[in-house]
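A short write-up of the structure that comes next.
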Amino acid sequence: MKIIGPSLLDQLTAAARSHPRLRQNHNLHAGYDEPCQRLLNAVEPGSYIRPHRHLDPPRPETFVIMRGRLGVFVFREDGHIEHTLILARDGAAHGVDLPAGAWHTVLALETGTVFFETKPGPYLPLDDKDWAPWAPAEGSVESAGYLERLMVALEGINATSCGELARAKD
């Protein structure tokens, strides 16, 4: 049995803050070959997760906020934002279930953000993600500007009315 409580979330957040990528995961599953991958993700503001999808094989994902606020983006095939959503424990949306093959990314909106993620396994690092060709690579010069544009796309969403997916302006 594994207990998920404030101490674990604090440790995970501290690890994310000290990591160059400003994020850290904590696997709850025993191995990457398990049929259900379950993990906690600590993500700090400024961490860039390149938009991606899980298409081969198709894998849905579920995110549930544990602490903080998380922006969720779903993109059209051409890279335009289709939906935006803010997950917050004190908001109207606490989680989201993304269909298999949906282009998506997330970004932390406040320090200490941690979310629970689950998706079908097994996890194979070489083919787990299909990176969006229209989004800059992590660590590239362009990624900071792209991250800023995503933040601007969230400005119109109020945390108290974030229960419905909102159409974002292109």
Side-chain angles (χ1 to χ4, degrees), residues 1-32 34 36-54 59 61-75 81 83-98 102-119 121 123-126 128-129 131-132 135-160 162 168:
M1 182 169 78
K2 298 177 183 177
I3 306 298
I4 301 169
S7 177
L8 176 58
L9 299 184
D10 290 344
Q11 291 171 19
L12 197 53
T13 293
R17 287 181 184 148
S18 67
H19 196 280
R21 297 170 76 196
L22 295 173
R23 60 183 185 266
Q24 182 68 47
N25 71 303
H26 176 84
N27 293 344
L28 299 170
H29 50 278
Y32 291 132
E34 285 193 24
C36 182
Q37 304 289 296
R38 304 165 323 278
L39 54 143
L40 298 172
N41 280 305
V43 183
E44 289 296 301
S47 179
Y48 172 65
I49 301 167
R50 185 177 183 179
H52 60 279
R53 63 183 174 183
H54 306 278
R59 295 182 180 161
E61 284 185 287
T62 301
F63 305 145
V64 178
I65 195 73
M66 302 291 294
R67 181 166 69 185
R69 294 176 64 230
L70 187 73
V72 179
F73 297 83
V74 176
F75 302 90
I81 297 170
H83 298 290
T84 57
L85 176 70
I86 296 175
L87 303 182
R89 287 193 54 186
D90 62 349
H94 299 188
V96 64
D97 188 55
L98 297 171
W103 290 108
H104 65 281
T105 193
V106 298
L107 59 93
L109 301 177
E110 61 186 47
T111 191
T113 296
V114 180
F115 66 99
F116 172 78
E117 174 183 344
T118 186
K119 63 184 169 189
Y123 171 69
L124 304 169
L126 295 178
D128 177 61
K129 294 178 183 72
W131 300 110
E138 184 178 336
S140 69
V141 173
E142 298 84 8
S143 64
Y146 187 80
L147 184 61
E148 182 60 33
R149 287 193 300 278
L150 292 177
M151 289 294 293
V152 168
L154 285 177
E155 287 178 0
I157 299 176
N158 184 320
T160 60
C162 64

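For the numbers below, each heavy atom of this structure counts, side chains included, while hydrogens, waters and symmetry mates do not.
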>> I need the single residue from Val106, Leu70, Leu109, Val64 that forms a side chain to side chain contact (heavy atoms under 4.5 Å, CB included) with Leu87. Which is it?
In response: Leu70
> Do you know which of Leu154, Val43, Val72 makes side chain to side chain contact (heavy atoms under 4.5 Å, CB included) with Leu107?
Replying inline: Leu154
What pair of heavy atoms forms the shortest contact from [X] to [Y], and how long is it?
X	Y	result
Gln37	Gly121	CG-CA, 3.7 Å
Ala153	Ile81	CB-CD1, 3.6 Å
Ala15	Gln24	CB-CG, 3.8 Å
Gly95	Leu85	O-CD2, 4.5 Å
Trp131	Trp103	C-CZ3, 3.6 Å
Pro51	Ala135	CD-CB, 3.5 Å

>> One pair to check against salt bridge (Lys or Arg N to Asp or Glu O under 4.0 Å): Arg23 and Glu117. What are the steps and the verdict?
In response: CA-CA 14 Å; Arg23 60 183 185 266; Glu117 174 183 344; over 6 Å; no
Just so I know, are the side chains of [X] and [Y] near enough to count as touching, which here means a heavy-atom distance under 4.5 Å?
X	Y	result
Leu9	Leu40	yes
Thr105	Arg50	no
Ile3	Met1	yes
Ile65	Thr113	yes
Glu138	Arg21	yes
Tyr146	Ser140	no

>> Could you tell me if His26 and Gln11 have a donor-acceptor pair between their side chains, going purely by distance under 3.5 Å?
In response: no
> How long is the gap from CZ on Phe75 to NE2 on His104, to the nearest 0.5 Å?
Replying inline: 9.5 Å
> Between CZ of Phe63 and NZ of Lys119, what distance do you get to the nearest 0.5 Å?
Replying inline: 7.5 Å
> So Thr84 and Leu150, side chain to side chain contact (heavy atoms under 4.5 Å, CB included) or not? Walk me through it.
Replying inline: CA-CA 9 Å; Thr84 57; Leu150 292 177; over 6 Å; no
> With under 30° as parallel and over 60° as perpendicular, where do the rings of His54 and His52 fit, or are they tilted in between?
Replying inline: perpendicular
With no hydrogens and no angle check, is any side-chain donor or acceptor of [X] less than 3.5 Å from a backbone partner on [Y]?
X	Y	value
Ser47	Glu44	no
Arg67	Gly112	yes
His94	Arg89	yes
Thr118	Thr62	no

> Above 12 or not: heavy atoms from other molecules or residues under 6.0 Å from CZ of Arg17?
Replying inline: yes
> Can Leu28 and Phe116 be said to form a side chain to side chain contact (heavy atoms under 4.5 Å, CB included), step by step?
Replying inline: CA-CA 10 Å; Leu28 299 170; Phe116 172 78; 3.8 Å; yes
